[in-house]
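What follows is a short report on a single structure.
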Amino acid sequence: MNATQTLIALWTLVLKEIKRFTRIWPQTLLPPSITMAMYFIIFGNLIGSRIGDMDGFSYMDFIVPGLIMMSVITNSYSNVASSFFSNKFQRSIEEMMVSPMPNWVILAGFILGGMARGLGVGLIVTIVSLFFTRLTMEHPLLTVLVVVLTSALFSIGGFINALLANKFDDISIVPTFILTPLTYLGGVFYSISMLPEFWQGVSMLNPILYMVNVFRYGFLGVSDIPVGWALAAIFAFIIVLFSIALAMLERGKGIRS
């Protein structure tokens with residue numbers, strides 16, 4: 001395939017993925033906005049008024065970046081995991097594998113589709129948050145960069161999950177037992193400076209902590225960890241996971257019997 005054909009194939013795959021989740025928007029876009037609205041009401045208004053300030057900001061302002069990032073992570077991951085596994089289950093992925101389309105295009109197409117949903121839901125949640133607080137953005141470019149990178153990272157993670165899954169139940173194991181706990185323990189609702197020293201060290205092993213903190217730094221200008229180190233970690237995770245996903249796809253892991 002030449003460059004033009006490759007771009008057409010990539011765009012077609014991305015467009016297919018976008019149409020897939022927008023066609024069923026009451027299931028893919030509406031529920032996250034309602035869920036996050038509940039978080040804003042319960043944690044931000046009701047509980048936040050009793051907690052007081054966090055790192056010099058109202059509790060509502062403090063948790064908004066974390067909740068936006070949580071919605072991006074969850075939806076980027078779940079979109080690719082469910083979509084690719086459905087293609088694998090229906091055997092339609094085999095048609096892509098035998099086509100002239102390079103494997104990296106297949107991988108990139110699903111990743112970009114997952115990013116589209118993750119960033120779309122993130123934008124919706126951001127708009128919803130404006131009904132509860134007034135957002136400020138100290139570092140706009142950094143904010144956009146980290147949310148795009150995070151969406152890409154967890155889209156790749158969802159792809160790997162779908163490759164390894166043997167049945168539909170398998171694609172819910174990682175989000176339920178790994179992703180959700182790491183997200184809740186990733187500094188969404190609290191600053192790790194509140195924790196004892198030992199648990200601060202343990203928290204540093206949580207990759208989501210880095211993404212939430214850089215994203216919060218983009219909004220509020222405060223972070224529990226060095227921003228440079230956090231960005232380097234995110235880039236490293238993306239490179240490693242993309243390489244693993246591509247190698248697995250080229251070997252036909254979970255696809256070829």
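Small disclaimer: the values here were computed from a predicted structure and weren't measured.
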### Query
Who passes side chain to side chain donor-acceptor pair (under 3.5 Å) against Ser155, sequence neighbours left out?
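In terms of side chain to side chain donor-acceptor pair (under 3.5 Å), with neighbours along the sequence ignored, Ser155 is linked to no residue.
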
Give me the atom names and distance for the closest heavy-atom approach of [X] to [Y].
| X | Y | answer |
| --- | --- | --- |
| Leu209 | Ser203 | CD2-O, 3.3 Å |
| Ile160 | Ile244 | CD1-CG2, 4.2 Å |
| Val147 | Met69 | CA-CE, 4.2 Å |
| Ala116 | Phe21 | C-CZ, 3.9 Å |
| Gly118 | Ser76 | CA-OG, 3.3 Å |
| Leu13 | Val105 | CD2-O, 3.8 Å |

Is a side-chain N or O of [X] found less than 3.5 angstrom from the main chain of [Y], in a donor-acceptor match?
| X | Y | value |
| --- | --- | --- |
| Arg216 | Val222 | no |
| Lys253 | Leu163 | no |
| Ser82 | Asn79 | yes |
| Thr74 | Ser71 | no |

Do you reckon [X] sits in the same ILVMFWY cluster as [Y], going by side-chain contacts under 4.5 Å, direct or chained?
| X | Y | value |
| --- | --- | --- |
| Leu30 | Met36 | yes |
| Met137 | Leu135 | yes |
| Ile73 | Ile171 | no |
| Leu130 | Val144 | yes |
| Trp199 | Met54 | yes |

### Task
Return the orientation label for the Phe219 and Phe215 ring planes: parallel under 30°, perpendicular over 60°, tilted otherwise.
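Aromatic pair Phe219/Phe215 classed perpendicular.
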
#### Entry: From CA spacing to verdict: side chain to side chain contact (heavy atoms under 4.5 Å, CB included), His139, Val227
CA-CA 12 Å; His139 307 282; Val227 174; over 6 Å; no

Can you tell me how far the [atom1] atom of [X] sits from the [atom2] atom of [Y], to the nearest 0.5 Å?
| X | Y | atom1 | atom2 | answer |
| --- | --- | --- | --- | --- |
| Ile156 | Asn161 | CD1 | CG | 13.5 Å |
| Ile106 | Met101 | CD1 | CE | 4.5 Å |
| Gln5 | Leu10 | CD | CG | 13.5 Å |
| Lys167 | Phe89 | NZ | CZ | 12.0 Å |
| Leu153 | Ile111 | CG | CD1 | 10.0 Å |
| Thr126 | Ile68 | OG1 | CD1 | 3.5 Å |

Does the side chain of [Y] come within less than 4.5 Å of [X]'s, by heavy atoms?
| X | Y | answer |
| --- | --- | --- |
| Asp61 | Arg134 | no |
| Leu149 | Met211 | no |
| Leu7 | Thr4 | no |
| Arg20 | Thr28 | no |
| Glu138 | Tyr217 | no |
| Tyr210 | Met204 | yes |
| Met60 | Thr133 | yes |
| Leu164 | Asp170 | no |

### Val72 and Val121: CA distance, side-chain angles, deciding distance, side chain to side chain contact (heavy atoms under 4.5 Å, CB included) verdict
CA-CA 6 Å; Val72 171; Val121 170; over 6 Å; no

### Message
Once salt bridge (Lys or Arg N to Asp or Glu O under 4.0 Å) is applied, do any residues pair with Glu94, and if so which ones, sequence neighbours excluded?
### Response
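Glu94 satisfies salt bridge (Lys or Arg N to Asp or Glu O under 4.0 Å) with Arg91 only.
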
### Message
Within the supplied structure, the quantity of interest is the number of heavy atoms (other residues, nucleotides, ligands) at a distance under 6.0 Å from Phe168 CZ; does it exceed 12?
### Response
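Above 12, so yes.
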
### Message
Which residue is it: Arg117, Lys16, Glu17? I am looking for the one with a side-chain hydrogen bond (donor to acceptor under 3.5 Å, both in side chains) to Ser83.
### Response
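Exactly one candidate clears the test, Glu17.
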
Partners of [X] by ring pair (Phe, Tyr, Trp, His ring centres under 6.0 Å), sequence neighbours excluded?
| X | result |
| --- | --- |
| Phe242 | none |
| Phe57 | none |
| Phe40 | Phe132 |

### Query
What's the verdict on side chain to side chain contact (heavy atoms under 4.5 Å, CB included) for Leu231 and Leu142, showing C-alpha distance, side-chain angles and the deciding distance?
CA-CA 10 Å; Leu231 283 175; Leu142 179 64; 3.7 Å; yes

Under 3.5 Å, sequence neighbours excluded: what are the donor-acceptor pairs made by side chains of residues 179-195?
| residue | atom | partner | partner atom | Å |
| --- | --- | --- | --- | --- |
| Thr180 | OG1 | Pro175 | O | 2.7 |
| Thr183 | OG1 | Leu179 | O | 2.7 |
| Tyr184 | OH | Tyr39 | OH | 2.3 |
| Tyr190 | OH | Leu185 | O | 3.1 |
| Ser191 | OG | Asp55 | OD2 | 3.4 |
| Ser191 | OG | Ser193 | N | 3.3 |
| Ser191 | OG | Ser193 | OG | 2.7 |
| Ser191 | OG | Asp224 | OD1 | 3.0 |
| Ser191 | OG | Asp224 | OD2 | 3.2 |

### Task
With Asn213 as reference, evaluate Ser223, Pro65, Pro226 under the side chain to side chain contact (heavy atoms under 4.5 Å, CB included) test and give the passing residue.
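The side chain to side chain contact (heavy atoms under 4.5 Å, CB included) with Asn213 is passed solely by Ser223 among Ser223, Pro65, Pro226.
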
